[in-house]
Amino acid sequence: MGDAAQSIETVTWVLFGGALVIFTGVMLLLAWSLRKRSGALRPRLWVLGGGVVFPAVVLAALFFWLVPRMPAWKPIPPADALIVTVKAHMWWWEVRYRDPATGADVMAANEIRIPVGRPVYFALTSADVIHSFWVPQLAGKMDMLPGRMQHLLVTATEPGTWRGQCAEFCGEQHAQMALHVVGLEPAAFDAWLAAQARPAPAPATQLLLLGRESFLAQRCSACHTVRGVSEEGRLGPDLTHFGSRLHLGAGMLANTPEGRERWLTHIQQIKTGARMPSYDRLEPETLEALGEWLGSLQ
């Protein structure tokens, strides 16, 4: 859970409470009027007081209570904030960190890891159409616009894994554009980020070597970067540490041997319109090697 989400929850319940007060008051007034003779009522006075003044007072009180609790349109990040850049694509998420040791960018995709208790300043933009970044348990929605940088400040209060979703219709696979945010203790996050900054590990077995060779032979490197193997691809997600992610395909499948094989062979059935062909034409041994090598990229 994030502090911004907790604030939204508090505001939501207070607004529900205010609406309940107004509804209850009007219903009590209606019930009382039905029990009285028409001559004993002064309709204009009761309509003005119960139907205008009373709701206006409650709504005004809610408004003045709400204003100071509204988030800043462009929040100023604290000095110790972690800055994470997220760029939305059709239909996946590009995630960029800054390596504190070298200052170089560290690329990831479809999964964001953040330290618990430390402010995280999301810089949000889009590569193509309008998307919307929404992780309900951390904060509210924020649109992602081409050519413009939006900002969102959150702080996770406890470790956990939270599912996010694109909340703005962005094309055929809009509903299948998810991401996961993982909250880690600060020491675990620092270790994870240091590992992500390293290039891909060398193949440790003949099967993994065959998988790496298959990756290059099939020209997967034309779209995907794997640092230490091929760095020319920019069209698709960075796969340098693909094996360390929980899911693949922007939340479509669990990152397991079965999930990787299904993704490689039936991607166009699972996510129609994705800019990647299905590789069901490959021999089973080649598919197995490719899937195992991708899974070894920890």
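Positions are given from 1 along the sequence.
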Backbone N or O of Gly117 within a donor-acceptor pair of the Thr155 side chain at under 3.5 Å? no
Tell me, do Leu82 and Phe189 make a side-chain contact under 4.5 Å, heavy atoms counted? yes
Euclidean distance, Trp134 CH2 relative to Met142 CE, rounded to 0.5 Å: 14.0 Å
For residues Leu239 and Leu193: do they belong to one hydrophobic cluster (side chain heavy atoms under 4.5 Å, members Ile, Leu, Val, Met, Phe, Trp, Tyr)? no
Does Lys141 use its side chain to pair, donor to acceptor, with the backbone of Phe133 at less than 3.5 Å? no
So, are Arg96 and Glu94 salt-bridged, with charged N and O less than 4.0 Å apart? yes
Compute the ring centroids of Tyr97 and Trp192, then answer whether they are less than 6.0 Å apart. yes
With the side chain counted from C-beta on, respond yes when Pro119 and Asp80 share a heavy-atom pair under 4.5 Å apart, and no when they do not. yes
Evaluation steps, salt bridge (charged side-chain N to carboxylate O under 4.0 Å, His left out), between Arg260 and Glu258: CA-CA 6 Å; Arg260 291 191 291 273; Glu258 296 77 16; over 6 Å; no
Is Thr265 reaching over with its side chain to a backbone N or O of Glu261, donor-acceptor style, under 3.5 angstrom? yes
Is there a side chain to side chain donor-acceptor pair (under 3.5 Å) between Asp238 and Thr225? Walk through the geometry before answering. CA-CA 5 Å; Asp238 187 299; Thr225 285; 4.9 Å; no
Pairwise side-chain contact, Ile130 with Pro146, heavy-atom cut-off 4.5 Å (strictly under): yes
Check Ser132 against Asp143 and note the closest heavy-atom contact, atom names and distance. OG-OD1, 3.2 Å
Compare every heavy atom of Gly183 with every heavy atom of Val116, then report the nearest pair and how far apart it is. CG2-C, 3.9 Å
Is Glu292 reaching over with its side chain to a backbone N or O of Leu207, donor-acceptor style, under 3.5 angstrom? no
Can Leu216 be reached from Met276 by stepping across I, L, V, M, F, W or Y side chains whose heavy atoms are under 4.5 Å apart? yes
Decide whether Leu145 and Met149 are clustered together by the hydrophobic rule: side chain heavy atoms of Ile, Leu, Val, Met, Phe, Trp, Tyr closer than 4.5 Å, transitively. no
So which atom in Gln165 and which in Leu179 form the shortest heavy-atom distance, rounded to 0.1 Å? N-CD2, 3.8 Å
Heavy-atom side-chain proximity of Val95 to Glu111 below 4.5 angstrom: no
Go through His241 and Gln298 one step at a time and tell me if the side chain to side chain donor-acceptor pair (under 3.5 Å) criterion holds. CA-CA 5 Å; His241 295 285; Gln298 298 290 328; over 6 Å; no
State, yes or no, whether a side-chain contact exists between Cys166 and Trp93 at a heavy-atom distance under 4.5 Å. yes
Correct closest heavy-atom pair for Leu248 and Ala254 would be CD2-O, 4.0 Å
Whether the side chain of Arg212 engages the backbone of Leu290 through a donor-acceptor N/O pair (distance < 3.5 Å, no angle test) should be reported. no
On a heavy-atom basis, which atom in Trp293 and which in Leu208 lie closest, and how many Å separate them? CD1-O, 3.3 Å
Worked check of side-chain contact (heavy atoms from CB on, under 4.5 Å) between Leu297 and Thr240: CA-CA 6 Å; Leu297 299 178; Thr240 304; over 6 Å; no
Side-chain donor-acceptor pair under 3.5 Å between Gln196 and Arg198, yes or no? no
Keeping the roles fixed (side chain from Lys87, backbone from Leu124), state whether a donor-acceptor pair exists under 3.5 Å. no
Hey, can you tell me if His89 and Trp92 have their rings parallel, tilted or perpendicular (30° and 60° cut-offs)? parallel
Find the distance between OH (Tyr279) and CG (Leu264) and round it off to the nearest 0.5 Å. 8.5 Å
Decide whether Val58 and Met27 are clustered together by the hydrophobic rule: side chain heavy atoms of Ile, Leu, Val, Met, Phe, Trp, Tyr closer than 4.5 Å, transitively. yes
One pair to check against side-chain contact (heavy atoms from CB on, under 4.5 Å): Leu246 and Thr161. What are the steps and the verdict? CA-CA 10 Å; Leu246 301 176; Thr161 300; 4.2 Å; yes
Between His151 and Phe122, is the ring centroid distance below 6.0 Å? no
Using modelled atom types only, decide if a donor and an acceptor are shared between the side chain of His224 and the backbone of Pro237 within a distance under 3.5 Å. yes
Take Thr102 and Asp99 through the test side-chain contact (heavy atoms from CB on, under 4.5 Å) and record every step on the way to the result. CA-CA 6 Å; Thr102 65; Asp99 180 14; 2.8 Å; yes
I need the minimum non-hydrogen distance between Pro186 and Pro115, along with the two atoms involved. CA-CB, 4.3 Å
Determine yes or no for a side-chain-to-main-chain donor-acceptor pair under 3.5 angstrom, with Trp91 supplying the side chain and Cys170 the backbone. yes
Quick check: does any side chain N or O of Asn255 sit under 3.5 Å from a backbone N or O of Phe242, one acting as donor and the other as acceptor? yes
For the backbone of Gly273 and the side chain of Gln268, can you confirm whether one donor and one acceptor N or O come within less than 3.5 Å of each other? yes
Do Met107 and Val86 sit in one hydrophobic cluster, given that two such residues count as connected whenever their side-chain heavy atoms are within less than 4.5 Å of each other, even indirectly? no
Quick one, His180 with His247, criterion side-chain contact (heavy atoms from CB on, under 4.5 Å). Give me CA distance, side-chain angles, the key distance, then yes/no. CA-CA 8 Å; His180 289 80; His247 299 83; 3.5 Å; yes
Arg275 atom CZ, over 12 foreign heavy atoms within 6.0 Å: no
Under 4.0 Å between a Lys/Arg side-chain N and an Asp/Glu carboxylate O for Asp105 and Arg98? yes
Can you confirm whether Thr286 sits close enough to Leu210 that some side-chain heavy atom of one is under 4.5 Å from a side-chain heavy atom of the other? no
Contact check, side chains of Ser278 and Gln269, non-hydrogen atoms, under 4.5 Å: yes
Is any NZ, NE, NH1 or NH2 atom of the basic residue among Glu232 and Arg219 found under 4.0 Å from an Asp or Glu carboxylate oxygen of the other? yes
Under 4.5 Å between any side-chain heavy atoms of Arg148 and Thr125, yes or no? no
